[in-house]
There are 2 protein chains.
Amino acid sequence: MLSRKTKYGLKALTFLAKREENEPVSISIIAESENISQKFLESILLSLRKAGFLGSKKGKGGGYYLLKRANEIQVAEVYRILEGPIAMVPCVSLNFYEKCDDCPDESVCSVHKLMIQVRDNTLKIFENTTLEDIIIKA
Amino acid sequence: MLSRKTKYGLKALTFLAKREENEPVSISIIAESENISQKFLESILLSLRKAGFLGSKKGKGGGYYLLKRANEIQVAEVYRILEGPIAMVPCVSLNFYEKCDDCPDESVCSVHKLMIQVRDNTLKIFENTTLEDIIIKA
DNA sequence: TGTAAAATCTACTAATCCTATAGGATAATA
DNA sequence: TATTATCCTATAGGATTAGTAGATTTTACA
């Protein structure tokens, strides 16, 4: 299941990507437009800023803006920052690998093999999709 | 993330599928072989029995056994019983559909569109994979 | 008929995660 | 200096997850 955090994050990013001007947009504007709790969105945008996707400006006329072009931001990157591993099991994660404590030998685990397939497929989609691709023009 | 419940369930099912005889195997045998907490596995096998994958026999010499052949049990079915929806967002789920409360119009939601792709891909894998396919012979 | 083995059922608990909120600190602008 | 907006830390409530405990029922077998 996708967390609201990631969902809101993606929505906020595409909201910014849709705009013609890349000028700062305040949290309250984004929150209202996308029906997101403002305080919750605040912490999400902070994460995205720290991860290098967004820049921010304080004070009057301030807000958040994209630091890269929409076609340079992969869904995969955003997902990993907000949601964590793309893999469904830590033992098949490329970026967050962890051994399963119940599994003596991964090469003989049927779940392992299956989940590698799922990871590869999902990864392909998330890496080949950028913000630009998921913008839907009104 | 795949829950331990589903992971253990799949492991238990493949454990049973690997055996030549389809005679009852006690929970304790399965739990020990697969390094699973016995009491936890107990509740998982109960779900799988109620869902029609397993039969059970009480008393001495009792245990659980497969009710179908390994190539007749899709991973997708097991997943839906133990984990729930295959889709990452309720609004793109085929079997567990729910409207998002923050989304006035799904057709204009960029996350929605993206998650349909992921669902279709994962679904294809889970539907085309049966227990027989994920058995790894020792 | 008695006993052991095994599933069944109900209830509970501890820990973790998710979603969201509160409130003050900091910085920029006018 | 007042206002606006981000920044940051802390925390609360609820849901979910993973597991435990214990009593009950059913069956095989001696």
Side-chain angles (χ1 to χ4, degrees), chain A residues 1-12 16 23-32 34-67 79 81-85 88-90 96 98 100-102, chain B residues 1-12 16 23-32 34-51 53-67 81-85 88-90 96 98 100-102:
Chain A
M1 274 290 166
L2 194 74
S3 67
R4 275 162 193 266
K5 190 175 165 187
T6 305
K7 188 181 167 201
Y8 292 164
L10 285 169
K11 281 190 164 193
L16 291 175
E23 280 164 3
V25 183
S26 75
I27 299 173
S28 60
I29 297 285
I30 306 175
E32 203 176 336
E34 298 290 337
N35 300 303
I36 304 172
S37 141
Q38 179 170 338
K39 274 294 192 178
F40 191 26
L41 181 59
E42 204 178 298
S43 67
I44 296 168
L45 295 181
L46 207 53
S47 302
L48 291 173
R49 199 215 60 188
K50 286 181 177 166
F53 298 110
L54 296 176
S56 66
K57 206 183 157 203
K58 288 182 176 183
K60 191 165 191 179
Y64 286 95
Y65 53 91
L66 288 179
L67 282 182
Y79 190 98
I81 293 298
L82 297 178
E83 191 79 19
M88 295 186 86
V89 184
F96 302 81
E98 257 180 82
C100 299
D101 46 0
D102 61 304
Chain B
M1 275 289 167
L2 193 74
S3 67
R4 276 164 193 265
K5 189 175 166 189
T6 305
K7 187 181 167 199
Y8 293 165
L10 285 170
K11 281 190 162 192
L16 291 175
E23 279 165 4
V25 182
S26 75
I27 300 174
S28 60
I29 298 284
I30 306 175
E32 204 175 334
E34 299 289 337
N35 301 304
I36 304 171
S37 142
Q38 178 169 339
K39 274 295 192 176
F40 190 27
L41 182 58
E42 207 177 296
S43 67
I44 296 168
L45 294 181
L46 207 53
S47 302
L48 291 173
R49 199 215 60 190
K50 286 181 178 167
F53 298 111
L54 296 176
S56 66
K57 206 182 159 202
K58 286 184 175 183
K60 193 167 190 177
Y64 286 94
Y65 52 92
L66 289 179
L67 282 181
I81 293 298
L82 297 179
E83 192 79 20
M88 296 185 85
V89 184
F96 301 81
E98 255 179 83
C100 299
D101 46 1
D102 61 303

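Order of the sequence lines sets the chain letters (A, B, ...), proteins ahead of strands, with each chain counted from 1. Only heavy atoms go into these numbers, but all of them, side chains included; no hydrogens, no water, no symmetry mates.
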Notebook entry, point to check: For the side chain of B/Lys39, counting heavy atoms from C-beta on, which of C/dA5, C/dT29, C/dT8 is nearest?
Noted result: C/dT8
Note to self: Tell me whether B/Glu83 contacts the main-chain N or O of B/Ser3 through its side chain, where contact means a donor paired with an acceptor under 3.5 Å.
What the structure shows: yes
Margin query: Nearest heavy atom decides the nucleotide; on that basis, is A/Leu41 or A/Lys60 closer to the 5' end of DNA chain C?
Written below: A/Leu41
Note to self: Please classify the nucleic acid contact of A/Leu45 as base, sugar-phosphate, or nothing, using heavy-atom distances under 4.0 Å.
What the structure shows: nothing
Note to self: Here's a test of your reading of the structure: between A/Gly61 and B/Ser56, which maps to the more 5' nucleotide of DNA chain C?
What the structure shows: B/Ser56
Notebook entry, point to check: Just how far is it from atom CG of A/Leu2 to atom CG of A/Leu10, taken to the nearest 0.5 Å?
Noted result: 7.0 Å
Check: Which letters describe nucleotides 11-16 of chain C, given B = protein heavy atom under 4.0 Å from base, S = only from sugar-phosphate, - = neither?
Finding: ------
Checklist line | Spacing of CG belonging to A/Asn35 relative to OH belonging to A/Tyr8, to within rounding of 0.5 Å | finding: 8.5 Å
Next item on the list: Any chance you could measure A/Leu66, atom CG, to A/Glu23, atom CD, to the nearest 0.5 Å?
Entry: 13.0 Å
Check: What's the spacing between A/Met1 CE and B/Met1 CE if we round to 0.5 Å?
Finding: 15.5 Å
Next item on the list: Compare the minimum distances between each of C/dA7, C/dA28, C/dC9 and the side chain of A/Lys57, then state the nucleotide with the smallest one.
Entry: C/dA28
Notebook entry, point to check: With a 4.0 Å cut-off on heavy atoms, is B/Leu46 in touch with a base, just the backbone sugar-phosphate, or nothing at all?
Noted result: sugar-phosphate
Checklist line | Residue met sooner reading DNA chain D from 5', once A/Ser26 and B/Gln38 are mapped to nucleotides | finding: A/Ser26
Next item on the list: May I ask you to verify if any side-chain N or O of B/Lys50 is less than 4.0 angstrom from the OP1 or OP2 atom of C/dC9?
Entry: yes
Next item on the list: Might you point out which heavy atoms bring A/Lys7 and B/Asp102 nearest each other, and give the distance in Å?
Entry: NZ-OD1, 2.8 Å
Next item on the list: Please list, in 5' to 3' order, the outermost nucleotides of DNA chain D lying under 4.0 Å from any heavy atom of chain B.
Entry: D/dA18 to D/dA28
Side-chain polar contacts of residues 39-65 of chain A - donor-acceptor pairs under 3.5 angstrom, sequence neighbours left out - could you list them?
residue	atom	partner	partner atom	Å
A/Ser43	OG	A/Phe40	O	2.8
A/Ser47	OG	A/Ser43	O	3.2

Check: Looking at side-chain heavy atoms only, is the closest gap between A/Glu34 and A/Lys11 below 4.5 Å?
Finding: yes
